[in-house]
Amino acid sequence: MWLLLSPTALEAPFLEGEAFSFLGRKGLRGRGFVYLETGIGKVNAALTLALWAATHKVEKALLLGIAGAYPGSGLRPGDLVLVGEEVEADLGVREGLKALGFSAWEQEGERFYNRFPLDKGLTQNLARRLGLRVVTGLTRDLVSESLEEALALAHRWNAALENMEGAAFARACLALGIQGAELRAISNPAGVRDKGAWRVKEAVAALEKAVARLLEG
Ligand SMILES: O=C(O)c1cccc(C(=O)CC[C@H]2O[C@@H](n3cnc4c(=O)[nH]cnc43)[C@H](O)[C@@H]2O)c1
């Protein structure tokens with residue numbers, strides 16, 4: 001049984017099931033999955049997963065959604081990727097959290113600062129089944145508002161795409177002991193606010209195709 005999550009219901013219009021409400025947002029009980037709309041941003045993503053997992057067994061969770069492609073990533077609108085590692089880039093100072101001398105999470109002797117892995121085994125299994133690249137994602141609650149800003153972030157953190165939830169989801173999965181994976185479809189060039197350059201419909205169609213293959217077993 002999958003727990004499927006997306007920041008907005010607009011990113012998963014293709015899912016069908018018995019509707020319910022969770023934290024005031026959309027939920028669905030479908031064949032082989034439960035779906036939750038989390039809301040945009042880090043806190044919403046982590047909160048939704050944690051509060052659901054507090055009263056429901058979660059075997060494996062997939063965060064799916066749209067994302068912005070960083071310059072130089074080779075990613076274009078409509079492309080679909082898995083995220084193997086997320087950078088929480090608005091935690092600490094510009095160079096990261098380690099400069100403050102505190103870790104964000106510690107587990108089995110490992111200290112995590114700004115980088116949080118998705119589940120390696122689950123991600124590699126999905127990459128094989130779906131024939132997808134695995135990239136590094138960058139998460140901030142602020143979106144890049146210029147190509148210069150996007151390029152600086154991509155360079156500083158060696159990331160391929162930008163979103164607003166991934167690192168929080170990855171860190172919550174680590175803390176909760178949940179196998180988590182992240183599927184992102186590129187909707188736009190990061191840093192480009194002109195919606196004429198956005199291809200949300202194509203991105204959602206790519207998500208639909210991948211999720212259908214995932215659920216067919
Ligand atoms: O109005 C803008 O300039 C603008 C720029 C980036 C994203 C938005 C959104 O409202 C979408 C946020 C939503 O979608 C994900 N997303 C998609 N593209 C990006 C991006 O370039 N940078 C950050 N997040 C992006 C994000 O995960 C949210 O769920 C508006």
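Counting convention: from 1, in listed order, for ligands and their atoms alike.
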| query | Of all heavy-atom pairs between Y70 and A159, which one has the smallest distance, and what is that distance? | reply | CD1-O, 3.4 Å

| remark: Nearest heavy-atom approach of L80 to A210 is CD2-CB, 3.4 Å

Should you measure from each heavy atom of [X], which atoms of ligand 1 turn up under 4.0 Å away?
X    : value
P7   : 29 (O)
S187 : 17 (C), 18 (N)
R184 : 27 (O)
R193 : 1 (O), 2 (C), 3 (O)

| query | Is it true that D90 and K42 have a side-chain N and a carboxylate O under 4.0 angstrom from each other? | reply | yes

Identify the protein heavy atom lying closest to [atom], giving its residue, its atom name and the separation to 0.1 Å.
atom                    : result
atom 21 (O) of ligand 1 : N188 ND2, 2.9 Å
atom 14 (O) of ligand 1 : I66 CG1, 3.5 Å
atom 30 (C) of ligand 1 : W198 CH2, 3.8 Å
atom 5 (C) of ligand 1  : V143 CG2, 3.5 Å

| Is it true that L36 and V58 fall in one hydrophobic cluster, defined by side-chain heavy atoms closer than 4.5 Å? | yes

| note | Partner of V83 under side-chain contact (heavy atoms from CB on, under 4.5 Å), picked from T139, L138, L161, is L161

| task | Report the residue from T38, I178, N44 that forms a side-chain contact (heavy atoms from CB on, under 4.5 Å) with L49. | result | I178

| said: Tell me if a side-chain donor or acceptor on W105 pairs with a main-chain N or O of A172 at a distance below 3.5 Å. | reply: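 Not confirmed, W105 side chain does not pair with A172 backbone.
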
For atom [atom1] of [X], is the number of surrounding heavy atoms from other residues, nucleotides or ligands below 6.0 Å larger than 12?
X    : atom1 : value
R76  : CZ    : no
E106 : CD    : yes
F14  : CZ    : yes

| query | Does K195 come within less than 4.0 angstrom of ligand 1, counting non-hydrogen atoms of the residue? | reply |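 Yes.
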
| query | Applying a strict 4.0 Å limit to heavy atoms, is G65 in contact with ligand 1? | reply |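 No heavy atom of G65 comes that close to ligand 1.
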
Which option out of [options] puts a heavy atom nearest to [atom]?
atom                    : options          : result
atom 22 (N) of ligand 1 : E162, M164, R140 : E162
atom 19 (C) of ligand 1 : A150, A69, G68   : G68
atom 28 (C) of ligand 1 : E165, K42, E145  : E165

| message | Counting only heavy atoms closer than 4.0 Å, does ligand 1 sit against the backbone of I40, its side chain, both, or neither? | response |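 Under 4.0 Å from ligand 1, I40 contributes side-chain atoms alone.
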
| task | For ligand 1, note which part of A67 has a heavy atom under 4.0 Å away: side chain, backbone, both or neither. | result | backbone

